[in-house]
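Scroll down for the structure; my scribbles are underneath it.
All of these numbers come straight from a predicted model, not from anything done at the bench.
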Amino acid sequence: MTTEHAGRLAGPLSASVANLCRRLQPQVSPRTAAGFAQVLRRLGAPLQVAVAGRIKSGKSTLVNALIGRRVAPTDIGECTRLVTRFQYGTVDRIEVVFHDGRKQVLPFAADGVIPAELGVDIDTVSHIEAYLTHAALQHMTVIDTPGLGSLDAASVARTEHLLSAAAGHAEPEPWDSGESGDGTDETGDEPGDAEARADELDETSRNAVAGAEAVLYVVTQGLRADDEQALAAFTAATASREAGPVNAIAVLNKADTIVPESVEGAEGDLWTAATLLARKHAEVLKPRVADVLPVIGLIAESAESGQFTSGDAEALRQVAGLGDDVLDVMLLSADMFTSWECDVPAGVRVRLLEKLDLYGIRQAVDAVRADPDLTAGALRRLLLDASGLAAVRARLNTVFAARADGIKAAAALASVTALAHASGNAAERQRVHDAIEVLLAKPEAHQLRVLEALTLVASGAVEMPDDLTEEVLRVGSNADIATQLGRPGGSPPELATYALERAGWWRSFASFGATPAQSRVAHVVHRAYFLIWQQLKAQGGSR
């Protein structure tokens, strides 16, 4: 965990949880107090977003695009078999962290990427910490994880440890004392078993997962049947709580490889096909993720990380000057594009293919032909728009950044609860539980109740009718009031009236017809609507 961001809290909820930890530290065992200290450090760090996905899904390419700098190696090598944390630092540097706690500082390679070979015995390496002076990392630490499905045995082992396969790794229900009256917790384990379960993760994975509070899952058009299970296993270990639409989104990478004619309703348009396919993937992965968005990581990386140069723009002008007959044939395949005899040097064409692939080249050529005076900068921006990265960034901001305070506070409370359960001390567990309940009773902390209810519904722990499940997900997964209410474009008075109506409905449902578990969720949703109504009323949205 970096100390360069120590003390920076995401907002008032994180501050409240931090104060709770400080108050409780003198009242709990030394072991639990030490765990609370770790929670405090994590609360003071930027939001930790883990990027997961199958090998060759383009994870590292997307990481580079998000960071805005090509630093993560994209070719299979030593580093792609390790967890790498990209975080903000005052000096660019790499720290290789060993299992025994030693650290070795390395410079970046001449091309700015983490060296392909670390010069150490990789079996002794825990993980890599990469510090960058890039502003994008001031509010979000990006954790690049080993690809699922690797054929390398060591990489498979690391990934399996990282995921922990969720089996036998069930955590106590968030913020519940878990007392069952017979000396066991809700999972049926004897006191202290939680500590044993924690040991199922190796130290590397515990350190990596402990800081991951949100997940960006990368899929391709060939979504596999076990992707849902892989995502569930990964998110189950994230910050000691199940992930869901609050803190997990997915991207459909390599959207340019989709054959539009293979997607019904696309009408031959690639981006329409990618959008439709992303929606289908979202149905499969629902409710584990808030959304699935199409993106072309390669084009995004090239345009955003400075890899697309004025020389590349000039080369594209040369390609655009070729005859239609020649260009149509060249763009049929990568081999045809690089081997066809033409006036553009083969080496130049190879570079364009590596940076943009055929789809990006076609988009750029069409743009240059439409506007011969297009500057290199304008062409780069056009390619960035074509990559879909802007939509991914916007969704990241909506799901993660704008809700970082709630996400971090919820993850911290889940960790605090898990630490209390692991202590095996019933009195300590009750003390922690009571302190959390006092915190959650405050109106400003209701967001945490909403996140808890959303997690229970999204994970299937509380079953609800489909229409009510959709409503809970909508209310809990969005920061915009109109979107929360499912009334985009509604006027403030209309929104206020609707919020009050739904508050009344959920209160009635909680009292009549709901099961005890459903009632618990219903009371939370009722109060969420009521608080929305109060907020709109204060803004003059209701007479």
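- Taking the salt bridge (charged side-chain N to carboxylate O under 4.0 Å, His left out) definition, one finds that Asp405 meets it with nothing, sequence neighbours left out.
- For Asp335, the side-chain contact (heavy atoms from CB on, under 4.5 Å) test picks out Ser333, with sequence neighbours left out.
- For residues 258-279, the set of pairs meeting the salt bridge (charged side-chain N to carboxylate O under 4.0 Å, His left out) definition, not counting sequence neighbours, is empty.
- Residues meeting the side-chain contact (heavy atoms from CB on, under 4.5 Å) test with Ala391, sequence neighbours left out: none.
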With a 3.5 Å cut-off and sequence neighbours excluded, list the donor-acceptor pairs that the side chains of residues 299-311 form with protein atoms.
residue, atom, partner, partner atom, Å
Glu301, OE2, Asn64, ND2, 2.7
Ser302, OG, Leu298, O, 3.1
Ser302, OG, Lys355, O, 2.6
Glu304, OE2, Arg393, NH2, 3.1
Ser305, OG, Glu301, O, 2.4
Gln307, OE1, Lys355, NZ, 3.1
Thr309, OG1, Gly311, N, 3.3
Thr309, OG1, Asp312, N, 3.2
Thr309, OG1, Asp312, OD2, 3.2

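- Partners of Asp256 under the salt bridge (charged side-chain N to carboxylate O under 4.0 Å, His left out) rule, at least two apart in sequence or in another chain, do not exist in this structure.
- A donor-acceptor contact closer than 3.5 angstrom is absent between the side chains of Ser339 and Arg349.
- No hydrogens or angles considered: a donor-acceptor pair under 3.5 Å links the side chains of Gln48 and Arg85.
- Within the model, atoms CD of Glu95 and OG of Ser126 stand 12.0 Å from one another, a figure rounded to the nearest 0.5 Å.
- Every salt bridge (charged side-chain N to carboxylate O under 4.0 Å, His left out) that Asp92 has, sequence neighbours left out, goes to Arg69.
- Among residues two or more places apart in sequence or in another chain, the side-chain contact (heavy atoms from CB on, under 4.5 Å) test is passed with Ala482 by Asp480, Leu495.
- Between the side chains of Ser57 and Asn253, no donor-acceptor pair of N or O atoms lies under 3.5 Å.
- Once rounded to the nearest 0.5 Å, the distance linking OG1 of Thr257 with CD of Gln221 reads 4.0 Å.
- Evaluation of the salt bridge (charged side-chain N to carboxylate O under 4.0 Å, His left out) rule for Arg102 yields Asp100 as partners, not counting sequence neighbours.
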For residues 365-375, run the donor-acceptor check on the side chains, cut-off 3.5 Å, and write out each pair with its distance to 0.1 Å, sequence neighbours left out.
residue, atom, partner, partner atom, Å
Arg369, NE, Ala320, O, 2.9
Arg369, NH1, Asp324, OD1, 2.8
Arg369, NH2, Ala320, O, 3.2
Arg369, NH2, Leu322, O, 2.8
Arg369, NH2, Asp324, OD1, 3.2
Asp371, OD1, Asp373, N, 3.2
Thr375, OG1, Ala378, N, 3.1

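- Within the structure, no pair that satisfies the salt bridge (charged side-chain N to carboxylate O under 4.0 Å, His left out) test touches residues 339-348, not counting sequence neighbours.
- For the residue pair Glu129 / His127, a side-chain donor-acceptor distance below 3.5 Å is found, with atom types taken as modelled.
- The side-chain contact (heavy atoms from CB on, under 4.5 Å) check on Leu43 picks up Leu9, Ser14, Val17, Ala18, Val39, Lys408, Ala412, with sequence neighbours excluded.
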